[in-house]
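When reading the values below, keep in mind they use all heavy atoms of this one structure, side chains included, and skip hydrogens, waters and symmetry mates.
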Amino acid sequence: MPELPEVEVVRAGLEPAVTGARVASIEILDARSLRRHTGPSEDFTDRLEGAIFAGASRRGKYMWLPLVPRASQHSLIEPVEITPAPTEALVVHLGMSGQVLLRDRYTDDNLTRIRLELSHPSHGDLRLNFVDQRIFGSMALDSLVATPDVLREHVPTQVAHIARDPLDPHFDEALFLKRLAARNTGIKRALLDQSLISGIGNIYADEALWAARIHYDQPTGALTRPRATRLLAEVRAVLIKALAEGGTSFDAQYVNVNGNSGYFSHSLNAYGQQGKPCPRCGRPIVREQFMNRGSHFCRFCQKIR
DNA sequence: CCCCTCACCTGATCGC
DNA sequence: TGCGATCAGGTGAGGG
């Protein structure tokens with residue numbers, strides 16, 4: 001479920017279930033899913049066991065579950081006025097094929113790589129299965145650091161280089177447009193660069209470019225400010241609409257924490273629509289190889305200018 | 001510093 | 001039924 005809407009659907013599903021839950025036990029079924037964790041599996045397991053999750057956060061396609069500091073775990077049970085801020089988090093990236101599934105303690109899922117048994121003071125026992133066919137995704141324990149911008153928001157160190165996503169209330173539109181104009185590359189490359197703007201992947205890049213009538217290889221330097229502004233608006237619109245529809249699922253591979261698919265695949269105008277008529281002009285949508293992946297667009301509506 | 005290519009991986013599905 | 005080819009929604013290291 002890897003782009004912003006799909007990750008947000010997972011984050012939103014996790015938040016109420018895991019906040020306040022304690023990690024009772026951990027099973028590493030495939031250590032390659034810890035590729036982003038510095039240190040051996042035992043280090044991951046030792047540090048995570050007994051920890052309590054304080055919430056569920058996200059930036060772009062990364063999400064993380066901050067850990068209640070050990071010294072103040074007690075205060076969750078009997079809240080006190082001042083609780084120290086978390087300094088560590090369980091970072092989850094879904095890669096190309098990752099899923100996070102919440103199950104009862106007896107349910108297993110095919111291709112589960114990491115399993116957490118959780119116990120929640122009011123929701124009872126819960127199993128969290130991290131499933132990932134290709135193992136491009138990962139779980140990792142990481143420390144939280146303040147972002148370099150003025151807001152000093154805390155994010156995991158491995159997320160520090162990721163730009164704010166366009167649904168973030170603190171996304172700086174003027175800064176984005178300025179940095180975009182300074183780039184000397186094609187617009188789709190820029191949209192997919194998570195250090196410039198995060199959360200956009202191949203599907204939503206193609207959809208937003210189609211909506212804004214911009215060719216994927218349009219040079220960023222020649223993209224006028226009004227067209228760039230329009231593109232950003234279309235990016236936001238498509239992400240919001242996809243989120244409202246539960247994300248894009250082509251098959252059972254992309255599902256929410258309960259294993260259910262989203263419906264946005266029915267709303268796609270360009271991605272995967274090669275051979276079908278462009279919903280705007282009726283000419284065929286084409287697919288071209290670009291950056292080792294497919295780019296779907298309408299040759300008539302989307303021309304380099 | 002910026003830009004771009006490539007390696008990293010598996011298993012579901014399809015055609016022969 | 002079996003086997004090989006094909007395909008996929010992401011990321012970052014490293015070279016130019």
Hey, does the side chain of A:Arg183 come within less than 4.0 Å of B:dC3's phosphate (OP1/OP2), counting only N and O? yes
Compare side-chain N and O positions of A:Arg189 against OP1 and OP2 of B:dC4 and report whether any pair is under 4.0 Å apart. yes
Write down the distance between CZ (A:Arg113) and P (B:dG11), rounded to a whole number of angstrom. 6 Å
Interatomic spacing from OG in A:Ser295 to CD in A:Gln302 - rounded to 0.5 Å: 9.5 Å
Hey, does the side chain of A:Ser97 come within less than 4.0 Å of B:dT10's phosphate (OP1/OP2), counting only N and O? no
What nucleotide, of B:dT10, B:dC8, C:dG9, holds the atom closest to the side chain of A:Pro2? C:dG9
Which whole-number value in Å describes the distance from A:Asn292 CG to B:dC8 P? 14 Å
Could A:Arg59 and A:Trp64 be counted as a cation-pi pair, given that NZ or CZ must be under 6.0 Å from the ring centre and within 45° of the axis? no
Select base, sugar-phosphate, or nothing to describe what A:Arg179 touches, counting heavy atoms under 4.0 Å on all strands. nothing
Provide the Watson-Crick or G-U wobble partner of B:dC9, both distances under 3.5 Å; none if there is no partner. none
OP1 or OP2 of C:dG12 versus the side-chain N and O atoms of A:Arg36: is any pair under 4.0 Å? yes
Would you call A:Arg115-A:Asp108 a salt bridge at under 4.0 Å N-O? yes
Surrounding CG of A:Asn184 (heavy atoms of other residues, nucleotides or ligands, distance under 6.0 Å), is the total greater than 12? no
Rounded to the nearest angstrom, tell me the gap between atom CE in A:Met96 and atom P in C:dA8. 8 Å
Nearest to the A:Asn184 side chain among B:dC9, C:dA8, B:dC3, which nucleotide is it? B:dC3
Tell me whether A:Arg103 is salt-bridged to A:Asp109, with the criterion being a basic N under 4.0 Å from an acidic carboxylate O. yes
For a quick check of understanding: with a heavy-atom distance under 4.0 Å over all strands, which category does A:Tyr62 fall into, base, sugar-phosphate or nothing? sugar-phosphate
Does C:dG12 have its OP1 or OP2 closer than 4.0 Å to a side-chain nitrogen or oxygen of A:His161? yes
In whole angstrom, give the distance that lies between atom CD of A:Gln158 and atom P of C:dA13. 11 Å
Are OP1 or OP2 of B:dT10 and a side-chain N or O of A:Arg32 less than 4.0 angstrom apart? yes
Just the rounded figure in Å: distance from P of C:dA8 to CG of A:Leu111. 19 Å
Roughly how many Å is it from CG in A:Leu4 to P in C:dT11, rounded to a whole number? 11 Å
Just to confirm, is there a sub-4.0 Å distance from OP1 or OP2 of C:dT11 to any side-chain nitrogen or oxygen of A:Gln194? yes
Please tell me whether A:Ser25 and A:Glu49 have a donor and an acceptor in their side chains that are separated by less than 3.5 angstrom. no
Please report the distance separating the C1' of C:dG12 from the corresponding atom of B:dG11, rounded so that it comes out in whole Å. 24 Å
Could you say whether the aromatic ring of A:Phe136 and the base of C:dT11 stack, counting only centre distances under 5.5 Å and plane angles under 30°? no
Could you check how far CZ of A:Arg287 sits from P of C:dA8, rounded to whole Å? 4 Å
Will you find, in the side chains of A:Glu288 and A:Tyr216, an N or O donor that is under 3.5 Å from an N or O acceptor? yes
Give a yes/no on whether any side-chain N or O of A:Asn202 is located under 4.0 angstrom from OP1 or OP2 of C:dG9. yes
Are OP1 or OP2 of C:dG10 and a side-chain N or O of A:His93 less than 4.0 angstrom apart? no
Contact under 4.0 Å: A:Asn110 side-chain N or O vs B:dA12 OP1/OP2: yes
Mind calculating the distance between CG (A:Asp132) and P (C:dT11) to the nearest angstrom? 13 Å
Within the structure, does a side-chain N or O atom of A:Arg293 lie under 4.0 Å from either OP1 or OP2 of C:dG10? yes
Would you mind classifying the nucleic acid contact of A:Tyr204 as base, sugar-phosphate or nothing, using non-hydrogen atoms under 4.0 angstrom? nothing
Under a 3.5 Å limit on both distances, the Watson-Crick or wobble mate of C:dG9 is none
